[in-house]
**Q** 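Sharing a structure below in structure tokens format, with a few things to ask.
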Amino acid sequence: MVDRRRVFVPGDSAARSVGADEVARRITQISSERGLEVEVVRNGSRGLYWLEPLVEVETPEGRIGYGPVTAAEVEGLVDVGFLDGGDHALKIGVTEEIPYLAKQDRFSFADIGVIDPFSTSDYRAHGGLSGLTKALSMSSQEIVAAVSDSGLRGRGGAGFPTGIKWQTVLDAVADEKFVCCNADEGDSGTFADRMVMEGEPFLLIESMAIAGVAVGASVGYVFIRSEYPDALSAMRRAVEVAYEEGWLGSDILGSSYRFDLHVKSGAGAYISGEEMAMLESVEGRRAVVRAKPPLPAIQGLFGKPTLVNNVLSLIAIPRILTGGSKEYRERGCARSRGTQVFQLAGNVAHPGIVEVPFGITLHELLYGFGGGSRSGRPIKAVQVGGPLGSYIAVSDFSMKVDYETFAQAGAMVGHGGIVVHDDNTDMGKMARFAMEFCAVESCGKCTPCRIGSVRGMEVIDRILAKHDVLDNLRLLDDLLETMTDGSLCAMGGLTPMPVRSILKNFSAELGIDSIDLVEIGRVV
Amino acid sequence: MESARNQVGFALWSSADAGEIVDAHEGEQGSLLEILVAFQQRFGYVDDEAVDLLADRLNLSRAEVYGVVTFYADLKREPASGHTIRICRGESCQAVGATEIVEVAEQVFGGKLGTTDDNGVALEQVFCLGNCALSPAVMVDGELIGRVDAARIRELAARLGGYQGG
Ligand SMILES: Cc1cc2nc3c(=O)[nH]c(=O)nc-3n(C[C@H](O)[C@H](O)[C@H](O)COP(=O)(O)O)c2cc1C
Ligand code: SF4
Ligand code: FES
């Protein structure tokens with residue numbers, strides 16, 4: 001009698017996008033043909049995407065990985081006895097010993113890609129629910145104090161201190177309060193929220209329940225973009241299981257607390273990720289940005305105090321409670337505490353998740369982890385922090401990645417996405433694209449953003465075509481200033497950031513004379 | 001209940017079915033967008049009739065319903081006549097050839113991005129599918145495909161019945 005083997009084939013949507021389903025089917029099929037007892041587990045992804053589909057088998061030495069595996073290669077793997085860790089060209093050894101993973105500090109992403117996303121016993125075996133259990137033994141104020149002490153700041157983009165936000169909602173007096181998780185993840189180059197929802201949905205549910213207990217909210221919403229159908233169905237499925245298990249609903253985990261959780265789908269609007277617009281979407285309206293104040297913490301969803309946090313901000317909390325705030329705060333530098341879940345994307349050899357404390361250099365991220373460009377050509381620039389983030393040139397790669405250093409350099413960490421470009425990228429086109437993106441995705445409420453972005457494309461077109469460069473540069477500079485100062489939210493307000501960074505760092509490529517830039521003054 | 005379906009598998013618009021979807025959200029606060037998304041998923045578009053239906057059932061003004069229907073990119077006003085191919089033009093995908101993917105797709109499907117070709121294939125742009133680690137990415141009728149190249153687009157055209165010319 002042969003033991004039943006667990007084989008892991010990620011059910012993560014990105015892994016599926018390169019054939020993980022076919023691989024899983026083939027493994028099941030061949031094992032049954034050969035009478036091998038195999039259980040195929042559809043785990044999340046470890047975030048080592050160049051190796052996806054990454055198939056792992058449990059052996060006495062640990063989990064051994066093979067990748068990237070195609071369905072056609074499965075038979076060969078079975079032939080060499082991969083179920084026992086047999087040698088094969090695709091064998092990469094014990095997954096956890098791969099330097100890319102071994103060098104990381106997987107605080108929040110410890111179990112993503114490791115466990116079966118929908119197995120409650122897997123979740124518990126990996127410490128699941130201990131954060132919520134701990135929270136239920138603490139007072140609301142103690143929980144909020146622990147979050148404040150950890151130094152955690154919002155991972156959705158703005159980097160606002162999470163503890164202060166929680167305190168504000170806790171202190172707000174109202175008959176009803178809400179917790180809203182921002183899972184809109186619209187920034188290009190980011191995918192960490194998606195991986196959490198697909199790979200460890202219970203962690204987000206537990207985190208939201210903790211937030212509810214802490215601020216006194218008994219209803220939560222997770223707002224997920226419609227471009228993430230798998231994350232939507234994974235969250236819905238996990239919420240159902242959580243209700244069955246008594247982790248949601250009345251008397252959660254046998255306590256006197258109630259917490260109900262609803263999953264809401266977006267409908268294809270980047271601006272729905274802006275928190276005020278998100279609340280409009282959750283209320284079923286057009287995602288038009290509301291002016292602040294009042295802050296959502298005071299008057300948010302349906303006019304009630306609402307805690308809005310990004311997925312990554314929330315999922316740090318259970319371990320902050322169990323391990324202690326100090327353990328989190330000790331990581332990082334200056335006022336950037338804890339780990340950041342970086343996402344390497346674009347033209348990079350080893351794209352994926354790199355969770356490390358703040359303070360790592362861009363160079364280490366790009367070459368130490370990323371392995372340089374995918375194309376093999378020299379890297380020319382990286383855009384950090386999504387479509388509204390700066391393009392950073394090679395000469396600045398020694399820069400540390402933390403909120404302070406980036407702010408000083410006129411850049412932003414945002415949601416932690418890093419998009420790599422090699423020397424084939426036309427920077428003028430990227431500057432124009434920043435305006436195009438703003439024009440398409442603007443909510444339309446303010447003129448500098450709605451009209452300014454369209455004018456921005458036109459002016460950049462003229463500059464790139466070398467029409468009256470100096471005059472048009474002046475015009476562009478003016479326009480950027482108007483957008484920065486006259487936009488209600490960061491969509492119009494930050495679109496100038498990528499544009500200015502390109503003018504500053506890649507003027508020669510745009511055919512702009514440095515004399516012209518001096519003339520303009522501000523862009524340099 | 002089995003409803004009649006069009007050639008791409010969406011149920012044909014029916015007021016009764018639409019009404020049932022509204023019923024399912026009875027009493028929920030702020031359910032307009034959710035109902036519209038449900039219509040889109042079920043019928044592949046939001047019929048003009050939905051505006052009156054929802055204004056009436058949810059006690060909203062027609063303008064408010066219309067405003068929401070026209071705001072969100074996912075909500076279509078016409079039934080889909082064929083497959084939908086969404087090509088990611090986010091920066092990560094652009095960094096590894098999204099522009100070329102768009103060109104090839106326009107060539108083999110014979111339509112411009114943002115239009116529907118003679119075979120009913122709709123080419124759409126999308127900004128990020130969360131598959132940036134495996135860029136370039138496209139989504140075909142809701143199925144995500146990563147590490148796409150020109151050959152893969154031609155293969156898709158052959159399978160989905162786009163133009164082979166160009
Ligand atoms: C145009 C725009 C888009 C945004 N998109 C997102 C998003 O997709 N996800 C997110 O968490 N925050 C996004 N934000 C930031 C949110 O407004 C808000 O700061 C955040 O959700 C707060 O959560 P945090 O404090 O945990 O970061 C966006 C902001 C702007 C201006
Ligand atoms: S800046 Fe743009 S997106 Fe933001 S509120 Fe104004 S128009 Fe809307
Ligand atoms: S930018 Fe194309 S999938 Fe993210």
Side-chain angles (χ1 to χ4, degrees), chain A residues 13-14 16-18 47 49-50 52 185-191 193-195 225-231 264-270 272 281-288 302 343-348 351-353 374-375 383 386-387 417 419-422 425 429-430 433 437 440-441 443, chain B residues 25 28-38 40-41 46 54 58 60 64-76 86 88-100 114 124-140 142-148:
Chain A
S13 60
R16 292 181 54 228
S17 85
V18 288
Y49 278 108
W50 72 100
E52 292 292 359
E185 196 164 66
D187 289 358
S188 49
T190 67
F191 42 85
D193 296 351
R194 175 186 64 68
M195 290 178 66
R225 65 201 298 254
S226 63
E227 290 82 354
Y228 285 2
D230 286 24
K264 287 267 188 174
S265 169
Y270 176 74
S272 284
S281 288
V282 174
E283 290 181 24
R285 285 197 290 270
R286 301 166 54 174
V288 173
F302 303 112
Q343 297 131 79
L344 299 183
N347 198 332
V348 62
I353 292 293
R374 193 207 288 184
S375 61
Q383 186 182 27
V419 174
V420 181
H421 293 268
D422 75 5
T425 295
K429 284 195 179 145
M430 299 321 290
F433 177 76
F437 181 73
V440 175
E441 298 293 351
C443 84
Chain B
H25 293 273
E28 272 174 34
Q29 239 178 330
S31 56
L32 174 60
L33 181 57
E34 216 167 344
I35 293 172
L36 289 169
V37 168
Q40 177 67 39
Q41 278 167 359
V46 177
L54 291 174
L58 304 179
L60 299 166
E64 193 161 349
V65 179
Y66 184 80
V68 173
V69 175
T70 50
F71 184 89
Y72 291 96
D74 284 0
L75 304 177
K76 306 285 189 271
R86 307 174 80 189
C88 179
R89 284 188 65 228
E91 286 91 340
S92 172
C93 290
Q94 286 196 46
V96 284
T99 307
E100 193 206 345
E124 294 179 359
Q125 69 173 349
V126 58
F127 298 119
C128 197
L129 293 163
N131 203 17
C132 332
L134 297 171
S135 292
V138 304
M139 198 176 248
V140 180
E143 189 197 332
L144 184 63
I145 310 178
R147 284 188 200 126
V148 170

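Throughout, a chain's letter reflects where its sequence line sits, starting with A, and its residues are numbered from 1. Hydrogens, waters and symmetry mates play no part in the numbers below; they use all other heavy atoms, side chains included. This structure is a prediction, so every number in the text was calculated from the model and none was measured.
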**Q** Can you tell which of A:R225, A:E185, A:M195, A:R16 has the highest number of heavy-atom pairs within less than 4.5 Å of chain B?
**A** A:R225
**Q** What part of A:F302 is in contact with chain B, defined as an atom under 4.5 angstrom from a non-hydrogen atom: side chain, backbone, both or neither?
**A** side chain
**Q** Measure A:S13 against the heavy atoms of chain B and call it side chain, backbone, both or neither at under 4.5 Å.
**A** both
**Q** Measuring from B:L36:CG to A:S265:OG, what's the distance to the nearest 0.5 Å?
**A** 11.5 Å
**Q** In terms of heavy-atom proximity below 4.5 Å to chain B, should A:P387 be classed as side chain, backbone, both, or neither?
**A** both
**Q** B:E34 versus chain A, heavy atoms under 4.5 Å apart: side chain, backbone, both or neither?
**A** side chain
**Q** What are the two closest non-hydrogen atoms of A:P351 and B:A133, and how far apart are they?
**A** CG-O, 3.1 Å
**Q** Search all heavy atoms of B:A95 against all heavy atoms of A:G346 and return the closest pair with its distance.
**A** CB-CA, 4.2 Å
**Q** Give the member of B:A137, B:G90, B:G130 that has the highest number of heavy-atom pairs under 4.5 Å with chain A.
**A** B:G130
**Q** Say you draw a straight line from CZ of A:R286 to CG of B:L32; how long is it, rounded to the nearest 0.5 Å?
**A** 12.0 Å
**Q** Is the closest side-chain heavy-atom distance between A:S226 and B:Q40 below 4.5 Å?
**A** no
**Q** With a 4.5 angstrom heavy-atom cut-off, which part of A:D187 approaches chain B: side chain, backbone, both or neither?
**A** backbone
**Q** Can you tell me which portion of B:V68 sits under 4.5 Å from chain A's heavy atoms? Options are side chain, backbone, both or neither.
**A** both
**Q** Considering only heavy atoms and a distance below 4.5 Å, find which of B:L33, B:V126, B:V138 pairs most often with chain A.
**A** B:L33
**Q** Any idea which heavy atoms bring A:G268 and B:D74 closest together, and the distance?
**A** N-OD2, 3.4 Å
**Q** Shortest non-hydrogen contact from A:A269 to B:F71?
**A** CB-CE2, 4.1 Å
**Q** Starting at OH of A:Y49, measure out to OG of B:S135 and round the result to the nearest 0.5 Å.
**A** 11.5 Å
**Q** Look up atom CZ in B:R89 and atom OG in A:S188, then write down how far apart they are to the nearest 0.5 Å.
**A** 11.5 Å
**Q** Does any heavy atom of chain B fall under 4.5 Å from the side chain of A:R194, the backbone, both, or neither of them?
**A** side chain
**Q** Which distance, rounded to the nearest 0.5 Å, do you find between the NZ of A:K429 and the CD of B:Q94?
**A** 9.5 Å
**Q** Give me the atom names and distance for the closest heavy-atom approach of B:N131 to A:S17.
**A** ND2-OG, 2.9 Å
**Q** Let me know if A:E441 has heavy atoms under 4.5 Å from chain B in its side chain, its backbone, both or neither.
**A** side chain
**Q** At a heavy-atom separation under 4.5 Å, does B:V148 approach chain A through its side chain, its backbone, both, or neither?
**A** neither
**Q** Could you grab the distance from atom CG of A:D230 to atom CD of B:E143, nearest 0.5 Å is fine?
**A** 10.0 Å
**Q** Based on non-hydrogen pairs under 4.5 Å, which of A:C443, A:G186, A:S281, A:G352 is most in contact with chain B?
**A** A:S281
**Q** Establish, yes or no, whether a centroid distance under 6.0 Å links the rings of A:F437 and B:F127.
**A** yes
**Q** Work out which heavy atom in B:Y72 is nearest to a heavy atom in A:A287; give both atom names and the distance.
**A** OH-N, 3.2 Å
**Q** Quick check on side chain to side chain contact (heavy atoms under 4.5 Å, CB included): which of A:N347, A:V419, A:V420 does B:S92 satisfy it with?
**A** A:V419
